[in-house]
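First up is the structure itself, then whatever we jot down about it.
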Amino acid sequence: MEAVKFYNSLGRRLETLEPLEPGHVRLYTCGPTVYDRVHIGNLRTFVFEDVLRRTLGFFGYRVTQAMNLTDVEDKIIAAALEAGVDIGAFTAPHVSSFFEDLAALRIERVEHYPRATGHIDEMIAMVEQLLEEGYAYRAGDSVFFRIAADEDYGKLSGIDLDQVRRGERVQSDEYGKEDARDFVLWKGAKEGEPQWASPWGPGRPGWHIECSAMSQRYLGKTFDIHCGGVDNLFPHHENEIAQSESANGSPLARYWLHSEHLTVEGDKMSKSLGNCYTLADLETRGLAARSVRYLLISVHYRQQLDFTFAKVAEADRALKRVDDMRFRLAHQTEQAGDKAPLEEAATGFEGAFVAALADDLNTSAALGAVFRFVHDVNGVIDRGLPFGARERVEGLLQRADQVLAVLDASAWNGDSGAAPDEEPGGLSDAEIERLVQSRSAARAARDFAAADRIRDQLAAAGVVVEDAPGGSRWKRS
RNA sequence: GGCGACGUGGCCAAGUGGUAAGGCGAGGGUCUGCAAAACCCUUAUUCGCCGGUUCGAAUCCGGCCGUCGCCUCCA
């Protein structure tokens with residue numbers, strides 16, 4: 001099994017992955033708060049986590065992954081209240097659209113999508129344990145985590161709480177805290193808000209306890225990898241560690257991977273700038289989901305990425321290069337010939353691709369390897385395809401695409417990309433074939449006026465004819 | 001104030017000690033009846049600036065300049 005290295009935020013260094021159980025990786029990824037449609041920034045993180053998951057599978061690991069859905073939280077409660085529905089009814093459509101977006105970007109389904117509201121008992125149990133062991137205390141109707149009791153607090157983020165700028169004032173519902181830095185584990189019920197019974201009276205869980213309780217339920221007290229966006233590193237992940245490790249006396253996760261944020265056209269995403277694009281927004285603008293995924297994986301996950309429409313268009317053209325090579329490959333006849341050049345290219349590609357992924361998920365380098373291979377194969381096509389070459393090349397591309405999931409255009413059927421301009425009653429393949437053949441006949445008869453008329457007709461229908469040596473071929477643009 | 005990241009060709013982006021991947025763009029070429037498309041070739045003696053370590057530095061160290069992130073809403 002390939003040695004895979006990751007940059008571990010806990011310790012801030014590159015480490016070789018050694019799962020607790022050989023060959024099996026347990027992975028927890030912080031999921032969405034389902035109060036709105038997820039935006040392109042959220043999706044970057046989910047795509048990164050998908051590449052991680054696929055890479056582990058590529059290297060032969062079995063993966064058990066849990067991604068939580070936060071379905072009770074301040075914003076949800078406020079919005080549901082305003083809409084006059086309960087939180088379940090409010091979040092349901094957002095849960096659906098979330099899964100639609102994942103599917104649209106070819107993000108694999110994971111094993112578990114636990115919801116906070118379905119795991120209140122587990123959260124209560126963990127809070128009770130923290131209370132018993134002195135890591136938590138009651139104040140009013142609420143329960144807080146006692147940071148002073150946790151010597152390790154800050155080990156993930158490296159934060160020195162004495163240096164932290166103090167908040168201007170304590171939130172009104174957090175009166176009674178021993179220390180302003182303590183965070184809430186259980187919030188006492190407020191009038192009109194969703195609530196659950198607990199040993200401390202009715203209330204609802206704090207945000208951080210959710211992930212601690214649910215990761216333990218599905219992955220165990222200690223699991224292998226925990227992911228999320230960098231913004232969650234502090235306080236969310238720090239607090240998860242504090243809760244879980246204080247309660248269990250064992251490490252929470254051994255490797256912490258954080259993906260960087262993206263900006264949009266040079267600006268930080270914000271509601272006021274109106275640039276918190278959802279995938280639906282992008283599709284409305286005619287951007288293909290496939291190109292969006294390509295752009296998101298074209299930059300290393302720990303680098304900030306500036307998302308621009310121009311870059312999506314560039315991604316489009318880059319992918320076209322792959323499509324064109326596969327098109328040429330499919331239309332070239334195989335013949336007896338030297339297989340060595342292709343084998344050399346194949347070996348180089350495999351080696352570079354695997355090494356790139358094993359090196360902290362270097363997708364930029366992996367894509368670089370793909371394009372070098374495309375170049376090499378083009379050379380092979382020019383010099384004559386040896387028998388078996390098509391299958392060899394396609395096999396390699398498919399294997400790479402197990403991780404990248406962008407190389408095979410046919411897997412993205414229904415992608416909105418060029419669709420908006422297309423006539424609903426376009427030409428069928430058979431009709432196009434007939435036209436192309438009559439054009440070829442016209443050309444053979446040197447009736448170029450007629451040939452050009454047919455070419456124009458096809459172009460109007462969105463079909464490009466290419467006159468290659470040995471005959472004309474066509475494709476929809 | 002504390003912690004951290006980044007600055008590589010026109011644009012984007014890999015590369016963390018051994019002599020600059022890849023994509024887009026641009027220029028040239030091949031093919032073609034002409035096109036288009038495609039393919040091929042070319043495009044950084046140099047990696048923000050200054051010093052240092054080293055046989056050797058984009059890569060390590062120090063300083064400076066610039067951009068950005070986090071410090072309890074946030075992927």
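Convention: sequence-line order gives letters A, B, ...; per-chain numbering from 1.
The base of B/A35 sits with one of its N or O atoms less than 3.5 Å from a complementary donor or acceptor on the side chain of A/Asp467. Interface remark: the A/Thr45 side chain does form a donor-acceptor pair with the B/A75 base, using a distance-only criterion of under 3.5 Å. Contact of A/Asp452 with B/G33 (side chain to base): a donor-acceptor pair of N or O atoms is detected under 3.5 Å. Donor-acceptor pairing under 3.5 Å, judged by distance alone, is present between the side chain of A/Arg455 and the base of B/A35.
Closest to the side chain of A/Ala365, from the set B/C39, B/C71, B/A14, is B/A14. Taking only side-chain atoms of A/Ser364, from C-beta outward, the nucleotide of B/A13, B/C74, B/C40 with the closest atom is B/A13. Residue A/Arg181 places its side chain closer to B/U72 than to any other of B/U72, B/A14, B/C39. Counting only heavy atoms from C-beta on, A/Arg328 has its side chain closest to B/A38 among B/A37, B/A38, B/C24. Listed nucleotides: B/A75, B/A21, B/C68. Nearest to the side chain of A/His261: B/A75.
In this structure, A/Ile40 and A/Val292 have side chains that are in contact, with non-hydrogen atoms separated by less than 4.5 Å.
Base engagement by A/Arg443 is indicated by at least one non-hydrogen atom pair under 4.0 Å involving a base atom. Residue contacts for A/Val230: at a heavy-atom cut-off of 4.0 Å it reaches no nucleic acid atom on any strand shown. Residue-level contact check: A/Phe448 touches the bases, meaning some heavy atom is under 4.0 Å from a base atom. At the heavy-atom level, A/His39 lies under 4.0 Å from base atoms of the strands shown. Nucleic acid contact class of A/Met269 (heavy atoms, under 4.0 Å, all strands): base. At the heavy-atom level, A/Glu73 lies nowhere under 4.0 Å from the strands shown. Within 4.0 Å of A/Leu262, counting heavy atoms only, lies at least one base atom of the nucleic acid. Within 4.0 Å (heavy atoms only), A/Arg439 reaches at least one base atom of the nucleic acid. Counting non-hydrogen atoms under 4.0 angstrom, A/Gly368 reaches a base of the nucleic acid.
Between the P atoms of B/A5 and B/G15, the separation comes to 15 Å (whole Å). Between B/C61 and B/G22, the distance separating the two P atoms is 29 Å to the nearest Å. Atom C1' of B/G10 sits at a distance of 13 Å from the matching atom of B/G27, rounded to the whole Å. Remark: the separation of the P atoms in B/G63 and B/C74 is 35 Å, to the nearest Å. Comparing B/U42 with B/U53, their P atoms sit 39 Å apart, to the nearest whole Å. Using atom C1' as the reference point in both B/A75 and B/G69, the two lie 14 Å apart (nearest Å). Rounded to whole Å, the C1' atom of B/G25 lies 7 Å from the corresponding atom of B/C11. The gap from the C1' atom of B/A58 to that of B/C71 amounts to 32 Å, rounded to the nearest Å.
Remark: A/Asn239 is not in phosphate contact with B/U72, judged by side-chain N or O atoms under 4.0 Å from OP1 or OP2. Residue A/Lys320 places no side-chain N or O under 4.0 Å from the OP1 or OP2 atom of B/C24. Taking 4.0 angstrom as the limit, A/His375 places a side-chain polar atom (N or O) nearer than this to OP1 or OP2 of B/C41. OP1 or OP2 of B/C39 has at least one side-chain nitrogen or oxygen of A/Arg321 nearer than 4.0 Å. A sub-4.0 Å separation between OP1 or OP2 of B/G4 and a side-chain N or O of A/Arg12 is present. The side chain of A/Arg326 places no N or O atom within less than 4.0 Å of a non-bridging phosphate oxygen (OP1 or OP2) of B/A38. Dashed line: the shortest gap from a side-chain N or O of A/Arg317 to OP1 or OP2 of B/G25 is under 4.0 Å. Contact between the side-chain N/O atoms of A/Lys155 and the OP1/OP2 oxygens of B/C3 is not found at any separation under 4.0 Å.
Rounding to whole angstrom units, CG of residue A/Leu357 and P of B/A14 are separated by 14 Å. Taking atom CG of A/Leu305 as the reference point, atom P of B/A5 lies 20 Å away to the nearest angstrom. Atom pair A/Tyr7:OH and B/U16:C1' shows a separation of 13 Å (rounding to whole Å applied). As rounded to whole Å, 12 Å separates atom P of B/C24 from atom CG of A/Asp316. Nucleotide B/C12 holds its P atom 9 Å from the CG atom of A/Asp306, rounded to whole Å. For A/Arg13 and B/U16, the CZ to P distance is 18 Å, given to the nearest whole Å. Computed from coordinates, the A/Phe183 CZ to B/C71 P distance equals 16 Å when rounded to whole Å. A straight line from CD1 of A/Ile297 to P of B/A14 spans 13 Å, rounded to a whole angstrom.
Residue A/Gln65 is tested with A/Arg53, A/Glu49, A/Arg109, A/Glu108 for a side-chain hydrogen bond (donor to acceptor under 3.5 Å, both in side chains); the sole match is A/Arg53. With A/Lys320 as the fixed residue, the salt bridge (Lys or Arg N to Asp or Glu O under 4.0 Å) test singles out one of A/Asp323, A/Asp324, A/Asp316: A/Asp324.
Ionic pairing of A/Asp338 and A/Arg383 is not present here: no N-O contact between side-chain nitrogen and carboxylate oxygen is shorter than 4.0 angstrom.
Across all strands shown, B/A38 forms a Watson-Crick or G-U wobble pair, both distances under 3.5 Å, with B/U30. Base pairing of B/A58 is not made with any nucleotide, judged by Watson-Crick or G-U wobble geometry with both donor-acceptor distances under 3.5 Å. Pairing for B/A5 goes to B/U67, judged as Watson-Crick or G-U wobble with the two contacts each under 3.5 Å. Nucleotide B/A20 forms no Watson-Crick or G-U wobble pair with any nucleotide shown, as no partner meets the under 3.5 Å limit on both distances. Across all strands shown, B/U43 is found opposite B/G25 as a Watson-Crick or G-U wobble partner, with both distances under 3.5 Å.
Aromatic ring centres of A/His208 and A/Phe183 lie closer together than 6.0 Å. Checked against a 6.0 Å centroid threshold, the rings of A/Phe309 and A/Tyr277 count as neighbours.
By the 6.0 Å and 45° rule, A/Arg37 does not stack over the aromatic ring of A/Phe98. Cation-pi check for A/Arg44 over A/Phe307 is not met; the charged atom does not lie both under 6.0 angstrom from the ring centroid and within 45 degrees of its normal.
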Subject >> A/Phe327 vs A/His331, ring-ring contact (aromatic ring centres under 6.0 Å, His included): CA-CA, chis, key distance, verdict >> reply: CA-CA 6 Å; A/Phe327 183 84; A/His331 289 76; 4.2 Å; yes
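For A/His208 and A/Asn362, each mapped to the nucleotide of RNA chain B holding its nearest heavy atom, the one lying further toward the 5' end belongs to A/Asn362. Projected onto RNA chain B by closest heavy-atom contact, A/Ser298 and A/Gly228 fall at different nucleotides, the more 5' of which corresponds to A/Ser298.
In the displayed structure, A/Gln335 atom CD is contacted under 6.0 Å by more than 12 heavy atoms of other residues, nucleotides or ligands.
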